[in-house]
Enquirer: 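What follows is a structure written as structure tokens; I'll ask about it next.
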Amino acid sequence: MSAGLLLNATICFAITISSFAFAWVLARSEEEHSEKSKPTLWSLIVLWSLVGLTYLPTTIRMLAAYQGMPALDLMMYNLAAIPFSFVSVPLVFFIMYVIVGDKKISAYTSLLFVFFGVAYLTFLYTKGVIGPEVSTFSSLFVINSDIAINIYLMGLFVIPTAMIIGLLFLIFLQRMPKRLRYRTALPLVAISFVFDFMLTDMITLVDVMQLAARIFVLIGTVLAFLAYFPPLTLQEKLGIKKYSYQLCEHQEDIDYDDLEEEEIIDV
Amino acid sequence: MSEDIDVKLEQEVAVFYQSLGIHQGPGDIQYRIILRVLGRNEGRITEFAEIRKYTDPFADKGSIGSKMKTVFQLEGLAEKVKRGGYIITDKGVMASNFLKDSTTFYKKNKRMGEIIERMP
């Protein structure tokens with residue numbers, strides 16, 4: 001029973017709240033999006049909801065570890081594994097749809113990752129886990145199946161991460177307005193942050209590393225917020241502010257030749 | 001082997017460049033088609049009828065003939081070798097390559113535009 005575990009639970013709770021809040025804000029902004037971007041919007045909503053759903057039982061798990069309840073800890077670990085193993089599904093759909101633009105192809109590709117998720121869960125539940133090993137900062141489980149870890153690494157993380165990096169390169173190699181670059185690249189960086197540190201969180205055997213990974217997941221969620229709702233000062237600093245202006249309607253009335261002459265006389 | 005000319009694509013590309021304020025050269029559909037036909041026939045004589053096969057749906061014979069004279073012959077992109085027969089010059093090949101690059105630029109921008117459009 002240490003304060004470190006409480007800190008861990010607080011971070012998990014913060015991730016849960018911010019992920020759900022972000023998913024909710026995205027869902028509320030549906031009307032502002034075009035028909036073409038709606039499938040990706042919904043895949044993002046599902047993705048952030050799954051992140052929230054992963055960290056909600058994890059919060060309870062940390063509290064259970066703090067209270068010294070290993071049975072509840074194990075139950076919550078098994079529960080958190082379900083949304084966690086399907087996080088890559090909406091992500092793959094998102095990337096495939098953004099690149100290809102075909103709903104069917106994107107759906108079939110992401111379906112493949114549903115199978116990866118199911119396979120991972122099957123091995124995880126049949127072989128079981130070893131633990132919990134409660135320490136100052138965390139409660140750790142060891143996955144008792146090498147196949148599950150391999151599926152988890154290759155299927156659920158390496159391929160989607162490679163896809164994100166590919167899409168990021170595609171954006172960075174293209175010359176485009178700063179505002180668009182910010183709007184497209186930062187959400188990907190944020191997703192990549194969350195996604196990769198979730199992996200670290202789930203497979204690490206070092207308690208401090210788990211805590212650090214969770215802090216980075218939280219940072220990733222904040223980054224995603226900043227990507228969609230950048231504060232004014234950041235917009236001004238990065239030069240991405242969209243100024244509201246009115247068109248000059250009396251432009252035709254101005255005679256530029258006269259203006260030039262006046263300027264010459266003034267000098 | 002002769003490459004086929006996609007008039008619809010050329011029109012799309014021309015409209016794209018016009019939208020950027022470029023109304024001559026890459027933004028001129030007549031210029032694009034003429035140069036594409038001349039470029040395709042590099043080292044061979046291009047018959048005026050061959051150019052008209054592509055330009056007739058949207059331009060009259062006179063304006064194409066005028067473009068041949070005032071742009072292509074005047075700037076040395078093509079030379080008239082017989083009545084109704086033109087051959088592309090080295091400078092013309094350079095212009096043709098630039099035109100191909102302009103199509104690539106359009107395609108790249110279009111693809112990126114679509115990607116951005118699909119981003120929420």
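The sequence lines fix the lettering, A, B, ..., with proteins before strands; numbering per chain opens at 1. What you see is a predicted model; the values in this text were computed from it and never measured.
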Enquirer: When you look at OH of A:Tyr182, are more than 12 heavy atoms from neighbouring residues, nucleotides or ligands closer to it than 6.0 Å?
Expert: yes
Enquirer: Give a yes or no on this: more than 12 heavy atoms of other residues, nucleotides or ligands lie within 6.0 Å of atom NZ of A:Lys38.
Expert: yes
Enquirer: Sort by residue number and list every residue of residues 106-120 of chain B having at least one heavy atom under 4.5 Å from chain A.
Expert: B:Lys108, B:Asn109, B:Arg111, B:Met112, B:Ile115, B:Ile116, B:Glu117, B:Arg118, B:Met119, B:Pro120
Enquirer: Check salt bridge (Lys or Arg N to Asp or Glu O under 4.0 Å) between A:Asp102 and all other residues, then give those that pass, not counting sequence neighbours.
Expert: none
Enquirer: Using a heavy-atom cutoff of under 4.5 Å, enumerate the residues of residues 74-91 of chain B that contact chain A, numbered in order, or state 'none'.
Expert: none
Enquirer: Return yes when atom CZ of B:Phe58 has more than 12 non-hydrogen atoms of other residues, nucleotides or ligands closer than 6.0 Å, and no otherwise.
Expert: yes
Enquirer: Chain B heavy atoms under 4.5 Å from A:Thr184: which part of the residue, side chain, backbone, both or neither?
Expert: both
Enquirer: Under 4.5 Å, heavy atom to heavy atom, which residues of residues 22-34 of chain B contact chain A?
Expert: none
Enquirer: As an exercise: rank A:Ile171, A:Val98, A:Thr40, A:Leu180 by heavy-atom pairs under 4.5 Å with chain B and give me the winner.
Expert: A:Val98
Enquirer: Would you indicate whether A:Phe229, at its atom CZ, is surrounded by more than 12 heavy atoms from other residues, nucleotides or ligands within a distance under 6.0 Å?
Expert: yes
